[in-house]
Amino acid sequence: MRKIKEFFIEKLILICGLASIFFVILIFLFLLKEGLAVFKTVLPSNFLFGSKWYPISEPAQLGILPLILGSLLVTIGAAIISIPIGVACAIYIAEVAPAKFKEILKAGIELLAAIPSVVLGFIGMVTLVPWVKAIFKLPTGLTALSGSIMLAFMAMPTIVSIAEDALYSIPKTYKEGALALGATHWQAIWRVMLPAASSGILAAVMLGLGRVIGETMAVMMITGNSAVIPQSILQPVRTLTATIAAEMGEAVVGSEHYFALFTIGIVLFILSFAVNVTADLFLHKKE
Amino acid sequence: MVKKGLLVLALVMFSSSVFAASGKNSIQVKGSDTMVNLAQAWAERYMEENSGNFVAVTGGGSGTGFSSLISGTCDIAIASRNIKEKEVALAKQKGINPFEIKVALDGLAVVVNPKNPVGKLTLERLGGIFSGRITNWKEVGGEDKKIVILSREVNSGTHVYFKEHVLRKNNPNSQEEFASSALMLSSSQAIADEVANNPAAIGYYGMGYISSKQKAVMVAKDVKSEYIAPTTDNVISGKYPISRPLLIYTNGEPKDLVKQFIDFALSKEGQEIVVKTDFVPVK
């Protein structure tokens, strides 16, 4: 009896485990099937490197270069803001902060992770956007920079908590050895602990960025969504995600526009897959 | 454990039977964001008077309404633009026959910040501004400031209407597009808010959204014509150049509940609601 039970539970867990892989494959196949159809009417090079996105015109102009660059610009901006702050925060929590304060900080960061992105977007729209406009004397505050700042908030919790784990998992003897050799606390952190944890920290950064590149709601609300090739970070941009979210409702099923949106989905999938695989490589290197 | 399961099962069966029962006397209305408030107001009054019948109204844009009418997920599509030939063809393929009924009129207001000295524009200049040929306010008699163009997303009937009637001036061969630098905002309210805060912004939306925080620009057909303000009277008389019909589409001629609801919308009471929601009645 027990053996049978054991057998069934094992198989059940196996099925659950396989199910997620199965679904990923199904989703990817569906994306491919719907997305590749657009290349019947548009050349892949024109699609990827075309600079005009007018999906509902006759004939439709489907060039997603401005969207790709928009996504990259917002992501790079968010990376520049969130990586130094996030890593510094992780170092502080792992090494410097007193035990009591550490708990408060950790709870605070978890709280930051719990804020829904639409709420962050809304807060950004009413507070950050007017500030950006006033500080940089811009015609509008709906810019890539506003999106980057808001997304940095979203990437931070991931970066901090994984980087902190990485710092924790370094053997204590490293730090003790460094201190015993006469290094100061800061020297031990900077010269010994950070290099030792580097692969974990890089993984943290990558996972944080993976979240940023797939984020939709907040960027749609505060980046202005104009499909131009960005010249500076103080310009409105349109991201891949916002394009899908804003236009999918309207696209008639089976139209060129509909297929193009799925192709954007493939591009997005490849981008975030690449980011996650890189993160994974770094994590495994550590082991 | 088993008991709990049974309870859940019973609940599911009960609720599904309730939904199935209500399915027969409910109408799904979907489409234009411009018309959502109007349709909602109709639905509320209609349900008050015909208790037991249920009308669900959702927005999403005229295009969204058409695609759900075509895929059969709504009974009535509300639209602030005419259905496109492409959409009709697609509907026919799926055995659906779009039937059009005009239920109200709407004037599209072009709005700027109240601090902006520019108060009137010709259609020609509006087209120039929104297609990106005119980029500075001083070119149209304003201050030396870069123009910030605000537009609705492409799923909006307002976007399509504005493009066809202002940018392309009803010329089907025209290739005019919105400037790619135009900011695409997801709702009329977002445009209203941005215009209220930004002295360099210009946007457009249905008359109903005008408030004291925005200034509606007076529009003239060409240099020789009079500049007309977007008011109810000017839309009824046809003087205001950017006005459009608000439409309802059904699958074939309306019947049963759908007909009852549309008759209500076109009744005296229904048209009074049109006036209350800042649109212009057809009757």
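Bear in mind that the values here come from a model prediction, so they are computed numbers and not experimental data. The chains referred to below are lettered A, B, ... by the order of the sequence lines, with proteins before strands, and numbering in each begins at 1.
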Look up atom CG in A:N225 and atom OG in B:S151, then write down how far apart they are to the nearest 0.5 Å.
10.5 Å
Bottom line for B:A179: the part with an atom under 4.5 Å from chain A's heavy atoms is backbone
Indicate yes or no for a side-chain donor-acceptor contact from B:N198 to the backbone of A:P139 under 3.5 Å, with no hydrogens or angles considered.
yes
Taking everything shown except A:F39 itself, do over 12 heavy atoms lie less than 6.0 Å from its CZ?
yes
Can you tell me how far the CD atom of B:E194 sits from the CE atom of A:M125, to the nearest 0.5 Å?
9.0 Å
Please name the pair of heavy atoms, one in A:S226 and one in B:S180, separated by the smallest distance, quoted to 0.1 Å.
CB-O, 3.3 Å
Would you say A:F122 has more than 12 foreign heavy atoms packed within less than 6.0 Å of its CZ?
no
Heavy-atom contact with chain A under 4.5 Å, split by part of B:R152
neither
Ranking B:E177, B:E153, B:K146 by heavy-atom pairs under 4.5 Å to chain A gives rank one to B:E177
Would you give the length of the straight line joining atom CG of B:N197 to atom OG1 of A:T140, rounded to the nearest 0.5 angstrom?
10.0 Å
B:L183 and side chain to side chain contact (heavy atoms under 4.5 Å, CB included): which single residue from A:L142, A:T143, A:T223 fits?
A:L142
Working to the nearest 0.5 Å, report the span between CG of B:L185 and CE of A:M220.
10.5 Å
A:I4, CD1 atom: more than 12 neighbouring heavy atoms under 6.0 Å
no
Do other residues, nucleotides or ligands put more than 12 heavy atoms under 6.0 Å from A:F22 CZ?
no
So for atom CZ, which belongs to A:F153, do other residues, nucleotides or ligands contribute more than 12 heavy atoms lying within a distance under 6.0 Å?
no
Heavy atoms only, distances under 4.5 angstrom: which of B:K145, B:K163, B:Q175 has the most pairs with chain A? Name it, please.
B:K163
Determine whether more than 12 heavy atoms belonging to other residues, nucleotides or ligands lie under 6.0 Å from atom CD of B:Q40.
yes
Under 4.5 Å heavy-atom distance to chain B, tell me which part of A:K52 shows up: side chain, backbone, both or neither.
neither
